[in-house]
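Some notes on the structure that comes next.
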Amino acid sequence: MLRVETIDLSYGASRCLRGVSLEADPGRITCVLGRNGVGKSSLMRSIAGLERIQGGRILWEGKDVSALGPADRARAGIGYVPQGREIFPFLTVQENLETALAAAPRGSKVPEEVFTLFPILKQFLRRRGGDLSGGQQQQLAIARALTARPRLLILDEPTEGIQPSVIKDIARVIRLLAREKNFAVVLVEQYYEFARELADRIAVMVRGEVALGGPIDAMDDEAVRRLLTV
Ligand SMILES: Nc1ncnc2c1ncn2[C@@H]1O[C@H](COP(=O)(O)OP(=O)(O)OP(=O)(O)O)[C@@H](O)[C@H]1O
Ligand SMILES: [Mg+2]
């Protein structure tokens, strides 16, 4: 399980995360909500090891990973799908997937399961990443994270700029990964409706802090919506 304990993060003089705590358990989906610029991506980058936190700690499967860099966290089972997907446009689908094997043991291959989840990628193995549609690129970004065989999957706004039919597909895969494959999932979302359908727990951020959090069943929908519209 993931335990983020009262972490602080500043960019120079500006404080971005203030005492943020978050939990994610295997088989469960934790959804982080909040308006633009409240620190959602900074929190995800901190968990993935791309930002060095200044206070608090991050525990994963009982170990303090706060001081580990991104490659070591990937090896520890933390998978990260960045906002905006960040696939390599000039590499093929196959090559994009193989970039995730850099931190894996020698001789590791792209797991066949990735193509069971996203059959379109098998069909487009030789196509360049930049020639895929936005939805297909998002599927590629998720597939790339899964190629490193993580146990925690962090998804930063996977539905951003994607058409509804593909959003449904992505939601189905996220649910399957948590429910059937026992992944711990942390999902950043702008839209409460989508979050509500998937999440077991939510955390609503306001200006670098978690203003409201807990199991979805205990949430006051109106209170959540107020925090997302102020
Ligand atoms: N590398 C950086 N250097 C300086 N400031 C940054 C950096 N990255 C983010 N920030 C600032 O930190 C704050 C939080 O940004 P962050 O990207 O984490 O927000 P977010 O909630 O993910 O926003 P969005 O919904 O637009 O994706 C913003 O004010 C942003 O301008
Ligand atoms: Mg963001």
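Ligands are counted one by one from 1 in listed order, and the atoms in each one are counted from 1 as well. Values in this document were obtained by computation on a predicted structure and should not be read as measured data. If you read the sequence from its start, that first residue is 1, and numbering goes on from there.
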**Q.** Test side chain to side chain donor-acceptor pair (under 3.5 Å) applied to Glu23 and Thr30, step by step
**A.** CA-CA 7 Å; Glu23 296 177 8; Thr30 297; over 6 Å; no

Just need the protein heavy atom nearest to [atom], so name the residue and atom and give the distance.
| atom | result |
| --- | --- |
| atom 17 (O) of ligand 1 | Ser41 CB, 3.7 Å |
| atom 26 (O) of ligand 1 | Asn36 ND2, 2.9 Å |
| atom 10 (N) of ligand 1 | Tyr11 CE1, 3.4 Å |
| atom 14 (C) of ligand 1 | Gly37 O, 3.4 Å |
| atom 25 (O) of ligand 1 | Lys40 NZ, 2.7 Å |
| atom 19 (O) of ligand 1 | Gly39 N, 3.3 Å |

Should you measure from each heavy atom of [X], which atoms of ligand 1 turn up under 4.0 Å away?
| X | answer |
| --- | --- |
| Gln190 | 25 (O) |
| Glu157 | 25 (O), 27 (O) |
| Gln83 | 27 (O) |

Q) Is Asn36 close enough to the Mg ion (ligand 2) to have an N, O or S atom under 2.8 Å? A)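 Short answer: no, not a single N, O or S atom is under the cut-off.
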
Q. Does Met44 bring an N, O or S atom to within less than 2.8 Å of the Mg ion (ligand 2)?
A.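 Of the N, O and S atoms in Met44, none lies under 2.8 Å from the Mg ion (ligand 2), which means no.
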
Q | contact_flag Gly34 ligand 1 heavy-atom lt 4.0 Å | A |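 Contact absent.
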
Q. Does ligand 1 have any atom that is closer than 4.0 Å to a heavy atom of Met44?
A.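 False for this residue.
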
Between [Y] and [X], does any NZ, NE, NH1 or NH2 come within less than 4.0 Å of an OD or OE carboxylate oxygen?
| X | Y | value |
| --- | --- | --- |
| Glu61 | Arg151 | yes |
| Glu5 | Arg57 | yes |
| Asp25 | Arg201 | no |
| Asp156 | Lys40 | no |
| Glu193 | Arg225 | yes |

Using a 3.5 Å distance criterion without hydrogens, assess whether the side chain of [X] forms a donor-acceptor pair with backbone atoms of [Y].
| X | Y | value |
| --- | --- | --- |
| Ser133 | Gln136 | yes |
| Asp64 | Leu59 | no |
| Thr147 | Ala100 | no |
| Arg144 | Val81 | no |
| Glu95 | Thr92 | yes |

Check [X] against ligand 1 and report side chain, backbone, both or neither, counting heavy atoms closer than 4.0 Å.
| X | value |
| --- | --- |
| Cys16 | side chain |
| Arg45 | neither |
| Met205 | neither |

Q. Counting both backbone and side chain atoms, is some N or O of Glu51 under 3.5 Å from an N or O of ligand 1?
A.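 For ligand 1, there is no N or O atom that lies under 3.5 Å from one belonging to Glu51.
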
(Q) Which option wins on minimum heavy-atom distance to atom 18 (O) of ligand 1: Ser10, Gly208, Ser42? (A)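 Comparing heavy atoms across Ser10, Gly208, Ser42, the nearest one to atom 18 (O) of ligand 1 lies in Ser42.
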
Q. Within 4.0 Å of atom 31 (O) of ligand 1 (strictly less), any protein heavy atom?
A.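 Looking at atom 31 (O) of ligand 1, one finds that no protein heavy atom lies closer than 4.0 Å.
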
Q: Scan the protein's non-hydrogen atoms and note whether one is under 4.0 Å from atom 28 (C) of ligand 1.
A: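 Looking at atom 28 (C) of ligand 1, one finds that a protein heavy atom does lie closer than 4.0 Å.
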
Q.
For Arg75, I'd like to know if atom CZ has over 12 heavy atoms of other residues, nucleotides or ligands within 6.0 Å.
A.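 For Arg75, atom CZ is crowded (more than 12 foreign heavy atoms under 6.0 Å).
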
